[in-house]
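The structure under discussion appears below in the form of structure tokens.
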Amino acid sequence: MAKDTGTAPAPRPAARVRNVALVGHAGAGKTTLAEALLVATGALARAGRVEDGTTALDTEDVEVRQQRSVSLGVATFEHAGHRITLLDTPGSPDFVGELRAGLRAADAALFVVSAVNGVDAATVQLWEECAAVGMPRAVVITQLDRARADVEDAVRLCQLLLGEGVYPVHLVDRAADGSVGGLVNLLQPAADAPDADRLRSELIEGIIGESEDEALMERYLAGDQLVQADLIADLETAVARGHFHPVLCAAPLSGIGVDDLLELVVSGFPCPAEHGCPPVSRPEGTATSSLECDPDGPLVAEVVKTTTDPYVGRVSLVRVFSGTLRPDIPVHVSGHGMTDRGHPDHDVDERIGALSSPLGAALRPVPSCPAGDICAVARLASAETGDTLSSPEDPRLVPPWDLPVPQLPVAIEAATRSDEDRLATALARLVAEDPTVRLERRPDTGQLLLWCVGEAHAEVLLDRLRTRHGVAVSTVPVRVPMVETLARPTRVTGRHVKQSGGHGQYAVVVVDAEPGPAGSGIVFEQKIVGGTVPSQFHGSVEKGIRAQAERGITGDRPLVDVHLTLVDGKAHSVDSSDAAFQAAGALALRELAAAAGTRVLEPWCEVDVVVPGEYVGAVMSDLSGRRARVTGSDADPVRDRTTVRAEVPEVELLSYPGVLRSVTHGTGSFSRRPLGYEPAPANLAVSA
């Protein structure tokens with residue numbers, strides 16, 4: 001975001017506020033549509049182009065270079081006395097965190113579908129997610145004027161794949177040369193096109209059926225000629241209930257359909273009060289009363305996006321659900337329960353800085369932000385994405401939205417010593433901005449891992465480290481931690497005898513060892529008879545053995561799952577000591593490994609892969625090529641999802657997120673749990 005600039009639309013009562021998320025697959029034209037809406041309402045003087053990197057909502061360097069959205073873009077503008085906030089979400093599945101943040105801040109979702117590419121599987125999956133939470137939805141078909149555009153087929157696919165309640169509002173009026181001459185609005189009785197009467201009747205009956213307006217139904221059945229003004233209030237009711245989904249058309253580059261779309265937003269989409277507020281609790285988990293979208297109610301707001309601005313520092317995009325946010329008031333920041341991802345829980349008080357209304361990168365000052373509205377807050381020091389802001393006297397907590405667990409590890413290193421000093425601060429900012437990121441320093445390999453949703457997500461995070469935070473980093477191969485165990489039972493004698501003048505070092509131990517059960521670790525016991533090794537040194541032997549096992553015998557692979565028994569030994573009344581018997585224990589373990597040999601073990605994971613039914617065969621085929629053992633599957637015919645359960649070597653999961661996305665066209669997901677260690681194949685054992 002840039003410095004403050006321009007004049008923001010004045011705050012409006014909730015009934016005149018619309019918060020709309022633009023969602024859809026990458027390349028469907030969401031950002032181009034947003035530009036057209038901003039120009040049509042006078043918020044922008046002229047539309048920018050994605051190809052030129054001049055749009056108002058794609059302003060990051062990486063977005064300009066890649067010509068696609070990778071973060072949530074926000075623009076607030078006015079139309080017909082309404083304050084509208086558009087939330088332009090990325091289309092790539094790698095940035096699902098930004099998408100779901102946009103849906104949390106919105107009261108309705110506008111699905112953008114290309115007339116060229118139609119509806120993909122990821123769009124269908126997202127539609128189902130919105131349906132599950134009751135999010136009101138509408139569809140706009142874009143790119144009408146492109147080559148290979150087939151509007152009728154796109155509408156048919158929407159009705160086929162998105163389920164019941166999908167009704168076209170527009171028909172395309174083609175010129176003699178096949179170009180788009182305009183749109184036929186089915187809400188108006190003057191529609192003159194093939195199938196117009198039938199489609200208009202279906203549309204009206206769908207609206208009345210969802211709104212349950214008996215008076216309007218009686219007029220319709222009596223043959224009254226209903227016009228758009230008669231239908232618009234019932235259309236809003238039908239859309240707000242989440243079961244009626246109008247399909248509009250728009251050609252943003254030529255402006256066709258843009259005004260009709262704006263009319264739908266202000267007249268057909270629900271306001272914040274109609275959509276309702278999320279559940280809340282006390283920070284300690286106790287229940288509290290439900291919220292209403294009331295500017296005079298208790299303050300409850302949520303941070304839906306965090307960025308670090310070079311001019312004003314940290315900027316938090318905030319959706320206010322209840323109460324009114326004003327500059328310089330104290331607020332309580334409640335944490336979000338994602339400590340496992342490196343996001344600390346918060347329970348602190350802060351003071352609100354300047355409030356602004358966003359227009360892409362521009363921040364325009366506003367005096368307040370009432371319930372139902374969205375604003376940017378400057379200089380919240382501790383609040384992160386997903387945190388709740390409330391009154392210090394009456395703290396509340398909004399539960400976090402569902403987020404995928406990042407499954408792609410990327411090992412990073414600072415390029416220079418000076419970069420090391422800045423890396424920790426930069427990574428902390430990345431984690432604060434993006435709740436889908438997890439940061440881990442692995443104790444077994446020492447590597448610093450940045451866990452990402454996918455390869456595109458990783459690329460953007462690394463780019464931000466280098467460009468936004470000025471930290472030079474390099475990536476290195478992720479090391480999967482191997483361990484070793486003894487190959488067979490054996491007995492050895494460990495002798496640590498040294499004489500260097502004065503007191504010497506004398507310790508002799510006889511140790512039996514055998515491989516233990518998987519996951520048993522190092523088990524030590526003693527069966528000394530006759531006090532050949534004094535009891536005060538038994539713990540010293542064990543300490544030496546465990547320290548050597550942790551260091552490993554060859555390379556840096558720890559020794560695990562070994563049962564050791566101290567059966568005999570010798571001590572000297574003067575030269576024996578704790579240090580001497582520790583050294584003898586460590587030596588005995590090294591000699592045990594040399595005498596019995598070792599086996600290299602690799603970590604395995606239990607994996608649950610969730611995919612649409614049509615991709616189960618492809619997923620199982622891919623898993624079989626990864627040395628996986630498929631242990632079962634569960635089908636959910638209602639959601640058309642199948643969960644494939646398998647046991648997979650961890651090394652085979654390093655590249656799996658991208659492969660799964662490719663195999664399932666972005667609709668698959670998986671989770672993992674550590675399973676234990678198993679013998680590694682010879683080629684992997686040698687290279688490890």
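Please read all numbers here as calculations on a predicted model, not as lab measurements.
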Taking every non-hydrogen atom, the tightest pair across [X] and [Y]:
X      : Y      : result
Gly360 : Leu57  : CA-CD2, 3.7 Å
Pro330 : Pro392 : O-CD, 3.5 Å
Leu465 : Ala426 : CD2-CB, 3.7 Å
Val116 : Arg148 : CG1-NH2, 3.5 Å
Cys452 : Val410 : SG-CG2, 4.1 Å

Is there a donor-acceptor pair closer than 3.5 Å between any side-chain N or O of [X] and the backbone N or O of [Y]?
X      : Y      : answer
Asp52  : Thr54  : no
Thr89  : Leu22  : yes
Ser662 : Gly658 : no
Glu63  : Thr59  : yes
Arg396 : Ser391 : no
Thr41  : Leu38  : yes
Thr123 : Val119 : no
Arg314 : Thr308 : no
Arg137 : Gly242 : yes

Working note: Thr385 + Thr306, criterion side-chain hydrogen bond (donor to acceptor under 3.5 Å, both in side chains); need CA distance, chi angles, decisive distance, verdict.
CA-CA 6 Å; Thr385 301; Thr306 307; 2.9 Å; yes

Is there a side-chain contact between [X] and [Y] in this structure, where contact means two heavy atoms from C-beta onward sitting under 4.5 Å apart?
X      : Y      : result
His275 : Met135 : yes
Leu380 : Asp387 : no
Leu448 : Leu439 : yes
Glu455 : Leu408 : yes
Val239 : Glu274 : no
Val74  : Leu72  : yes
Ser382 : Glu350 : yes
Pro9   : Ser357 : yes

Gap between atom [atom2] of [Y] and atom [atom1] of [X] - 0.5 Å precision:
X      : Y      : atom1 : atom2 : value
Ile412 : Thr475 : CD1   : OG1   : 9.5 Å
Thr436 : Leu461 : OG1   : CG    : 7.0 Å
Ile232 : Ser267 : CD1   : OG    : 4.5 Å
Leu359 : Leu86  : CG    : CG    : 10.0 Å
Asn19  : Cys271 : CG    : SG    : 10.0 Å
Arg379 : Ser316 : CZ    : OG    : 12.0 Å

Taking atom types as modelled, is there a side-chain donor on [X] or [Y] under 3.5 Å from an acceptor on the other?
X      : Y      : value
Ser69  : Thr31  : yes
Thr76  : Arg364 : no
Ser114 : Gln143 : yes
Asp421 : Ser418 : no
Trp451 : Glu440 : yes
Asp260 : His170 : yes
Thr416 : Asp419 : yes
His332 : Asp349 : yes

With Leu261, the side-chain contact (heavy atoms from CB on, under 4.5 Å) member among Thr142, Val140, Val169:
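Result: among Thr142, Val140, Val169, Val140 is the only option passing the side-chain contact (heavy atoms from CB on, under 4.5 Å) with Leu261.
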
I'd like to know whether Leu325 forms a side chain to side chain contact (heavy atoms under 4.5 Å, CB included) with Cys375, so could you lay out the CA-CA distance, the side-chain angles of the two residues, the decisive distance to 0.1 Å, and finally the verdict.
CA-CA 9 Å; Leu325 203 60; Cys375 69; 4.1 Å; yes

Where do Glu35 and Arg49 land on the salt bridge (charged side-chain N to carboxylate O under 4.0 Å, His left out) test, with the steps shown first?
CA-CA 8 Å; Glu35 290 286 309; Arg49 285 168 41 91; over 6 Å; no

Could you walk me through whether Gln66 and Ser92 satisfy the side chain to side chain contact (heavy atoms under 4.5 Å, CB included) test, starting with their C-alpha distance in whole Å, then the side-chain angles of each, then the deciding distance to 0.1 Å, before giving a yes or no?
CA-CA 12 Å; Gln66 296 184 4; Ser92 168; over 6 Å; no

Arg65 and Glu60: salt bridge (charged side-chain N to carboxylate O under 4.0 Å, His left out), yes or no, with the steps?
CA-CA 9 Å; Arg65 289 196 306 273; Glu60 280 195 70; over 6 Å; no

Using the salt bridge (charged side-chain N to carboxylate O under 4.0 Å, His left out) definition, which of the options Arg16, Arg83, Arg12 pairs with Asp373?
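Exactly one option meets the salt bridge (charged side-chain N to carboxylate O under 4.0 Å, His left out) with Asp373, and it is Arg83.
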
Evaluate Asp328 against Ile352 for side chain to side chain contact (heavy atoms under 4.5 Å, CB included), listing each step before the verdict.
CA-CA 5 Å; Asp328 207 37; Ile352 293 294; over 6 Å; no

Do the side chains of [X] and [Y] get close enough for a salt bridge, i.e. N-O under 4.0 angstrom?
X      : Y      : result
Arg104 : Glu302 : yes
Arg319 : Asp107 : yes
Glu236 : Arg18  : yes
Arg100 : Asp402 : no
Arg468 : Glu433 : yes
Lys305 : Glu98  : yes

The test is side-chain hydrogen bond (donor to acceptor under 3.5 Å, both in side chains); show your working for Glu292 and Ser322 and say whether it passes.
CA-CA 6 Å; Glu292 294 184 1; Ser322 173; over 6 Å; no

Heavy-atom neighbours of Glu420 CD exceed 12 at 6.0 Å:
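Yes, CD of Glu420 has more than 12 neighbouring heavy atoms, counting only those of other groups under 6.0 Å.
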
Tell me whether Arg422 at atom CZ has more than 12 heavy atoms from other residues, nucleotides or ligands lying less than 6.0 Å away.
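Counting neighbours around CZ of Arg422, more than 12 heavy atoms of other residues, nucleotides or ligands fall under 6.0 Å, so yes.
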
Check the pair Val166 / Val247 against side chain to side chain contact (heavy atoms under 4.5 Å, CB included), numbers first and verdict last.
CA-CA 7 Å; Val166 177; Val247 181; 3.3 Å; yes

